[in-house]
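Below: the structure, in structure tokens.
The basis for the numbers below is simple: all heavy atoms, side chains too, and nothing from hydrogens, waters or symmetry mates. Numbered from 1 within each chain, the chains take letters A, B, ... in sequence-line order.
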Amino acid sequence: MEYSFKEIEPRWQERWREDKTYRVEVDASRPKFYVLDMFPYPSGAGLHVGHPLGYIASDIYSRYKRLKGFNVLHPMGYDAFGLPAEQYAIQTGQHPAVTTEKNTARYREQLDKIGFSFDWDREVRTCDPAYYKWTQWAFLKMFAHYYDRAAQQAKPIEELVARFEQNGTEGVDAASTVELHFTAEEWNNKSEAEKEQVLQNYRLAFRADTMVNWCPKLGTVLANDEVKDGLSVRGGHPVEQKRMKQWLLRVTAYAQRMLDGLDNLEWSDSLKEIQRNWIGRSVGAQVFFDIVGNDKKLEIFTTRPDTIFGVTFMVIAPEHEMLSELTTAEQKEAVEAYIAEAKKRSERERMAETKRVSGVFTGSYAINPFTGREIPIYASDYVLSGYGTGAIMAVPAHDSRDWAFARHFGLEITPVVEGGNIEESSYDAKEGKMINSDFLTGMDVKEAIPMMFQEVEKRGLGKKLINYRLRDAIFSRQRYWGEPFPIYYKEDTAYPLAEEQLPLELPPIANFGPTEQGEPPLARAEGWCNEEGYPFELSTMPGFAGSSAYFLRYMDPKNNEALVSREANDYWRQVDLYVGGIEHATGHLMYSRFWNMFLYDLGYVCEEEPFRKLVNQGMIQGRSNFVYRVVGTNKFVSLGLKEQYETQEIHVDVNIVKNDILDLEAFKQWMPDFANAEFILEDGKYICGWAIEKMSKSMYNVVNPDYIVENYGADTLRMYEMFLGPLEQSKPWDTNGIDGVHKFLKRLWRLFYDRDGKYLVTEEQASEKELRTLHKTIKKVTEDIEHFSFNTSVAAFMICLNELDDCSKREILEPLVVLLAPFAPHICEELYHALGHTTSVCDATYPAFEEKYLTLSTFEYPVSINGKLRFKKEYDLNLDPASIQADVVNQPEAQKWIEGKTPKKVIVVKGKIINIVI
RNA sequence: GCGGAUAUGGUGUAAUUGGUAGCCACGACAGACUUAGGAUCUGUUGCCUCACGGCGUGGGGGUUCGAGUCCCUUUAUCCGCACCA
């Protein structure tokens, strides 16, 4: 009987579905473990072989934990709102819900074939009203709260209103868009709309008129993490800066907590570093500079207050609100020309030309508060309006950008720190002795910085301040296929829906593009207003809204009363292991931490951080194959001979190439153009060229998991994906090599059944050697799983089989099958039952290794003498190292090399003699 | 420019964490069984050399009895951030 995966795998998948083998419930008697995958966006292209990599790893870990006695929550769902379905809808008129449903079914079919242990009863879809009710609910909560910085916590907005009514802004320390000051009287005299206007400055979900990333091609605004190099991440369309009124989430309120929280997470250092950079904390000083002939002061932010004696000019951003006021009559024309030019340049150009120096003198002067000198104020786009105060004090001697600017405009460069050669470049390092700096002169930079923080405060010039690069997240999209905002408008004032009115369902429309007036598609919806006729918000929520709390919903997916019940949350708490791509570092992984912290502040969840341990699987790249057409003919020349001809390189479908050898018949049938192809072969074969590229349809290098399952089985696919290399490393998919893993499973099968289907397993006692092999394997595999080193654990199974040498003893095979079950569940389930069990291998007991089998016997070790002699001898581990030394020295073999001399030194490491020095 | 990661046979990789470099596979070569093989099994396979032996973990240097592993330096590739004051 042959190993027939085609028969075995569907049979067990069916059985698992019927028996609900993977259903999981709260069970206080057992320890819990929560393993989560990043849920997929169901795209029309279906899964390729790279998508399941992380899912397979997490599935192995889930199954392993289950065998170890944990109650494992391992759910799956779909991130179903999104751009591609909507773009498709605009082109075809087909409703995104229909496309999404179709794609989801296809995904499910593909996932099922791989044999995952998901509890599908807990499936969530972000586009399901019963699900997005809770996305809208969280939004309403954010709308109804502000962030109290003193208490480091979100609090109800009513508490803030009460404080305003009592004392105005006096004593209020709240996260806000701009710092406001008013008295209780002023507050109480405001109209309802005016009060709301003020509150928008504090709400955690708020509407503001800000500079946003506007993508004209997509017709929507985008968050910072959705833009890269001035292009939209989805589609690669140009993005411009535009002032618009948009909904935002005040994620900046949580900047410090998100930064601090990283320290206690088991995430990779590189991922933590990306988040730290994205938050971008910097400690500096706010300093106010007097302006000549103006009562107002110019506020700047600097991290180098120590260099203040070297300030020779000031620079403000072209968008700075004081620019027109600072511009003198003589400079008006030049400044306006500069602003006009700066506006014309796209964000992309501006970023590409960072070396270009441009700017304009405003005509005004500021006064250096320490030297009393008058210094010119310039405007330049190298100063960003969005960071700090949009104004800087320029220290050309110690900042390379200021240096370039000073050189360009012929401004003075005064060194204040010793070091470097300021004729050639600025000296930016934060080390050295201070010079030309009055009372700082002679000090070290490291002493001068804290000294100046004090001095600035003492003189009333400003104060120490912490700045973050993190921006509030733009939360509205001018799109259809997303969660509607539970918001309606009276005049221009936003009002929340009552919780009881949720979910506010997406209305049906027929045309999915923006209106002629440029309004979002929801403007086309009939009766898109509340009972009183007040219109609802026309934008919808962004993609990250639905994925920000889905891990909580899995804990209690059918609850209609709460996002997650207290009972379920208290049990499952947080995700113990999260597996997914690093591309979500500054998007989803930031937003869901924010979202979770907010719910934590409100007492809805019991853990501040959502994901305790996170593993980033690497990307699977494609491995493309090429054929070489002789130019102007229909002849194709094999790789080794192509230098003799003038050839054209053509991508060929990797599925008709094996081990880089082209299947000639399949090639002829592949495309009509090649039906009459002729070949110039080498050794009777056509050898293709290859290259590592992104896996994509246009490169014909997409390998479909169904294809692998069809030809080798799910168990082979699972093991081969793990065998390919370390989980976290990016690597190309190469179907060559899959035979090795497949052969392993066939050999395992052979230990149970011979060719004629005769059952071979015996009750015979295992030998010492066999037991050693088994226990060595258990130890190795267990350790490797714990370290997510699945490639080496697969190798360990292969070594085990090599060493076992056709052993068909139950004593060995039964533990082995359980050990292998997380990797190859179908065949192991089959073999486990063949051993006489009637329950699932998922409920077996994980085999423990016994140390005695590993340590009882003697072991081999090497000895080298002066790096020359190498010989082996077996010793008992329990022997005293000293006696081993004596023994080795006295051995004739060793003596021959020592040649009668007394060794100077015998080096023993962990009871092993490593070297003898004569 | 700043930050992070990686570099080992023809290929994917491994290395008890400072201790015989190349485990486990793929591929290749040879053989066995076969009508046949893209099945199965056995053997060989880092490089140079008939061999003895020598060389070998991107390059150069260092620490050490001993370095793929630690330190310095350099090159290449990938990733993240990018006028962040």
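Using a 4.0 Å heavy-atom distance criterion, A:Phe723 is classed as a base contact. Among the atoms of the strands shown, none is found under 4.0 Å from any heavy atom of A:Asp734. Here A:Pro726 lies in heavy-atom contact (under 4.0 Å) with sugar-phosphate atoms only.
The OH-C1' distance, from A:Tyr3 to B:U40, rounds to 17 Å in whole Å. Separating the CD1 atom of A:Ile279 from the P atom of B:A82 is a distance of 14 Å, rounded to the nearest angstrom. Look at OH on A:Tyr720: it is 14 Å from P on B:A25, rounded to the nearest Å. As rounded to whole Å, 9 Å separates atom P of B:C83 from atom CZ of A:Arg469. Residue A:Gln275 contributes atom CD, which lies 16 Å from atom C1' of B:G3 at whole-angstrom precision. In this entry the distance linking CG of A:Asn791 with C1' of B:G12 reads 10 Å, nearest Å. One atom, OH of A:Tyr468, and another, P of B:A85, lie 14 Å apart when rounded to the nearest Å. Look at CG on A:Asn277: it is 9 Å from P on B:A82, rounded to the nearest Å.
Side-chain atoms of A:Asp472 and A:Thr252 form a donor-acceptor pair, as typed in the model, at a separation below 3.5 Å. Of the N and O atoms on the side chains of A:Asp663 and A:Tyr686, not one donor lies less than 3.5 Å from an acceptor on the other residue. Side chains of A:Gln617 and A:Glu728: no donor on one and acceptor on the other come within 3.5 Å. A donor and an acceptor atom, one from each side chain of A:Ser426 and A:His398, are nowhere located under 3.5 Å apart. Checked by atom type, the side-chain pair A:Tyr468/A:Gln256 shows a donor-acceptor distance below 3.5 Å.
Considering only side-chain atoms of A:Arg747, the nucleotide from B:A85, B:C41, B:C26 that sits closest is B:C41. When distances run from any side-chain atom of A:Tyr382 to the nucleotides B:A15, B:C83, B:G27, the shortest one goes to B:C83. You'll find that the side chain of A:Thr792 is closest to B:A14, out of B:C26, B:C83, B:A14. Proximity note for A:Lys743 (side chain, C-beta onward) versus B:C26, B:A85, B:C83: the nearest is B:C26. You'll find that the side chain of A:Trp278 is closest to B:C81, out of B:C83, B:A14, B:C81. When each of B:U40, B:G80, B:C26 is scored by its nearest atom to the side-chain atoms of A:Arg755, the top-ranked nucleotide is B:U40.
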Tabulated below should be each protein N or O lying under 3.5 Å from an N or O of nucleotides 4-8 of chain B; please produce it.
none

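With P as the reference atom, B:U11 and B:G59 are 15 Å apart, rounded to whole Å. Here the separation of B:A28 from B:G38, taken at their P atoms, is 10 Å to the nearest Å. B:A25 and B:G9 have their C1' atoms separated by 14 Å, with the value rounded to a whole Å. Only the P atoms considered, B:C70 is 11 Å distant from B:A7, to the nearest whole Å. B:G1 and B:G18 have their C1' atoms separated by 36 Å, given to the nearest Å. The gap from the C1' atom of B:U75 to that of B:C26 amounts to 30 Å, rounded to the nearest Å. As rounded to the nearest Å, B:G56 and B:G22 have P atoms that lie 15 Å from one another. Nucleotides B:G68 and B:A51, compared at atom P, are 26 Å apart to the nearest Å.
Both cation-pi conditions hold for A:Lys464 and A:Phe453: the charged atom is under 6.0 angstrom from the six-membered ring centre and inside a 45 degree cone around its axis.
Ring pair A:Tyr382/A:Phe405 is tilted by interplanar angle, where 30° to 60° counts as tilted.
In this entry the base of B:U17 is syn relative to its sugar, with a glycosidic angle within 90° of 0. B:G9 shows a glycosidic angle within 90° of 0 and is accordingly assigned syn.
Searching all strands for a Watson-Crick or G-U wobble partner of B:C2 with both distances below 3.5 Å returns B:G80. Under the Watson-Crick or G-U wobble criterion, with both distances below 3.5 Å, B:A85 has no partner in any strand shown. With a cut-off of 3.5 Å on both pairing distances, the Watson-Crick or G-U wobble partner of B:A32 is B:U40.
Each of A:Lys746 and A:Met393 was matched to the nucleotide of RNA chain B holding its nearest heavy atom; the match closer to the 5' end belongs to A:Lys746.
Within residues 798-805 of chain A, the residues that place at least one heavy atom under 4.0 Å from RNA chain B are, in residue-number order, A:Met798, A:Ile799, A:Asn802.
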Assess the residue pair A:Ser358 and A:Tyr338 against the criterion (side-chain hydrogen bond (donor to acceptor under 3.5 Å, both in side chains)); give the C-alpha distance rounded to whole Å, side-chain angles, the decisive distance to 0.1 Å, and a yes or no. CA-CA 9 Å; A:Ser358 74; A:Tyr338 182 72; 2.8 Å; yes
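Here the options are A:Ile56, A:Val781, A:Asp715, the test is side chain to side chain contact (heavy atoms under 4.5 Å, CB included), and the partner is A:Phe823; only A:Val781 passes.
Not a single side chain to side chain donor-acceptor pair (under 3.5 Å) links A:Arg469 to another residue, sequence neighbours left out.
Residues A:Val654 and A:Arg623 come closest through the heavy atom pair CG1-O, 3.0 Å.
Between A:Glu721 and A:Lys731 there is no salt bridge, since no side-chain nitrogen of the basic residue lies less than 4.0 Å from a carboxylate oxygen of the acidic one.
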